[in-house]
K.L.:
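Submitted below is the structure of interest, expressed as structure tokens.
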Amino acid sequence: GGIITQTPKFLIGQEGQKLTLKCQQNFNHDTMYWYRQDSGKGLRLIYYSITENDLQKGDLSEGYDASREKKSSFSLTVTSAQKNEMAVFLCASSIQGARAEQFFGPGTRLTVL
Amino acid sequence: GDSVTQTEGQVTVSESKSLIINCTYSATSIGYPNLFWYVRYPGEGLQLLLKVITAGQKGSSRGFEATYNKEATSFHLQKASVQESDSAVYYCALSLNSGGSNYKLTFGKGTLLTVTP
């Protein structure tokens, strides 16, 4: 088995601040994902990376940057935090392919003051 | 775009009673639908419950079943007799297998199941 680690677990920022969330996986999976979950809504895809050095935009990429530093790690940057923003960011990984099971991390909870 | 609609909000069921959580999907992008149910138990991360990638087939896990109905574009989750340990948030999800690089998973909003003793 493997595990996905997300840091930090809680992130509190100020309006306009640039904030970075990190994700590590030891499944040796090629593909990694970042999702955002708002209260009462489903998960929405922000960015994903099919393999190391690849980057694909999801439905919610505006306002975010992502970086796949190496196969095991995938970072997400909120380029300018919005006041009163609250959401949970979930990282996931999988083998390649649309049929693949995605394995999820515990999440980073963001609060912007 | 692609979308998934599932039973919204909270569902409360008494232990040993039957359960159905409805899920329908709309796929406008190119590709063949793959259907998933994910679950988040209290205090745990989101995990796959079951998946079906072939129309007409049924997936099952932990006593839950879901059949991929292509004509009705549905993938309802059912269980004949729920237990308190089934209390969790359930998400229906869709991906499209086009042979390309689109691995996007589209989720429903989630259904909170509470099983009462």
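Lettering follows sequence order; numbering is per chain, from 1. Values reported hereafter were calculated over all heavy atoms of this structure, with side chains retained and with hydrogens, waters and symmetry mates removed.
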K.L.:
Taking a hydrophobic cluster as the set of Ile, Leu, Val, Met, Phe, Trp and Tyr residues connected by side-chain heavy atoms closer than 4.5 Å, whether directly or through intermediates, do A/F27 and A/M32 fall within one such cluster?
P.N.:
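They do not share one cluster, since no chain of ILVMFWY contacts under 4.5 Å joins A/F27 to A/M32.
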
K.L.:
Following the transitive rule for hydrophobic clusters with a side-chain heavy-atom cut-off under 4.5 Å over Ile, Leu, Val, Met, Phe, Trp and Tyr, establish whether A/L45 and A/L60 coincide in one cluster.
P.N.:
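Result: no, two separate clusters.
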
K.L.:
Which bit of A/A100 is near chain B, if near means a heavy-atom gap under 4.5 Å: side chain, backbone, both or neither?
P.N.:
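Interface part for A/A100: backbone (N, CA, C, O).
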
K.L.:
Using a cut-off of 6.0 Å, state whether more than 12 heavy atoms not belonging to B/K109 lie near its atom NZ.
P.N.:
no

K.L.:
In terms of heavy-atom proximity below 4.5 Å to chain B, should A/D59 be classed as side chain, backbone, both, or neither?
P.N.:
side chain

K.L.:
Can you hop from A/L90 to B/V89 via hydrophobic side chains spaced under 4.5 Å?
P.N.:
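Cluster IDs for A/L90 and B/V89 match.
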
K.L.:
Looking at B/I20, I'd like to know if its CD1 atom is crowded, meaning that more than 12 non-hydrogen atoms belonging to other residues, nucleotides or ligands lie closer than 6.0 Å.
P.N.:
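Yes, CD1 of B/I20 has more than 12 neighbouring heavy atoms, counting only those of other groups under 6.0 Å.
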
K.L.:
Side-chain heavy atoms nearer than 4.5 Å, only ILVMFWY residues, links allowed to pass through others: does that put A/Y33 and A/F89 together?
P.N.:
no

K.L.:
If I measure from the heavy atoms of chain B, does A/I4 come under 4.5 Å with its side chain, its backbone, both, or neither?
P.N.:
neither

K.L.:
How long is the gap from CD on A/E101 to OH on B/Y38, to the nearest 0.5 Å?
P.N.:
5.5 Å

K.L.:
Is A/L43 in contact with chain B via its backbone, its side chain, both, or neither, using a 4.5 Å heavy-atom distance?
P.N.:
both

K.L.:
Identify the heavy atoms of A/R99 and B/K51 that sit nearest to each other, and give their distance.
P.N.:
O-NZ, 2.5 Å

K.L.:
To the closest 0.5 Å, what do you measure between OH (A/Y48) and NZ (B/K104)?
P.N.:
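Going from the OH atom of A/Y48 to the NZ atom of B/K104 covers 9.0 Å.
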
K.L.:
Between B/L105 and A/Y35, is any pair of side-chain heavy atoms under 4.5 Å apart?
P.N.:
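Side chain of B/L105 against side chain of A/Y35, heavy atoms only: contact under 4.5 Å found.
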
K.L.:
Is A/S94 close to chain B through its backbone or its side chain, or both, or neither, when contacts mean heavy atoms under 4.5 Å?
P.N.:
neither

K.L.:
Consider only side-chain heavy atoms of I, L, V, M, F, W and Y, link residues closer than 4.5 Å, and tell whether A/M86 and A/L21 are in one cluster.
P.N.:
no

K.L.:
Should we say atom CD of B/E84 is surrounded by more than 12 heavy atoms from elsewhere, each under 6.0 Å from it?
P.N.:
yes

K.L.:
How close do A/A98 and B/N34 get, heavy atom to heavy atom, and via which atoms?
P.N.:
O-ND2, 3.7 Å

K.L.:
Under a 4.5 Å cut-off applied to non-hydrogen side-chain atoms, are B/L46 and A/Q102 in contact?
P.N.:
no

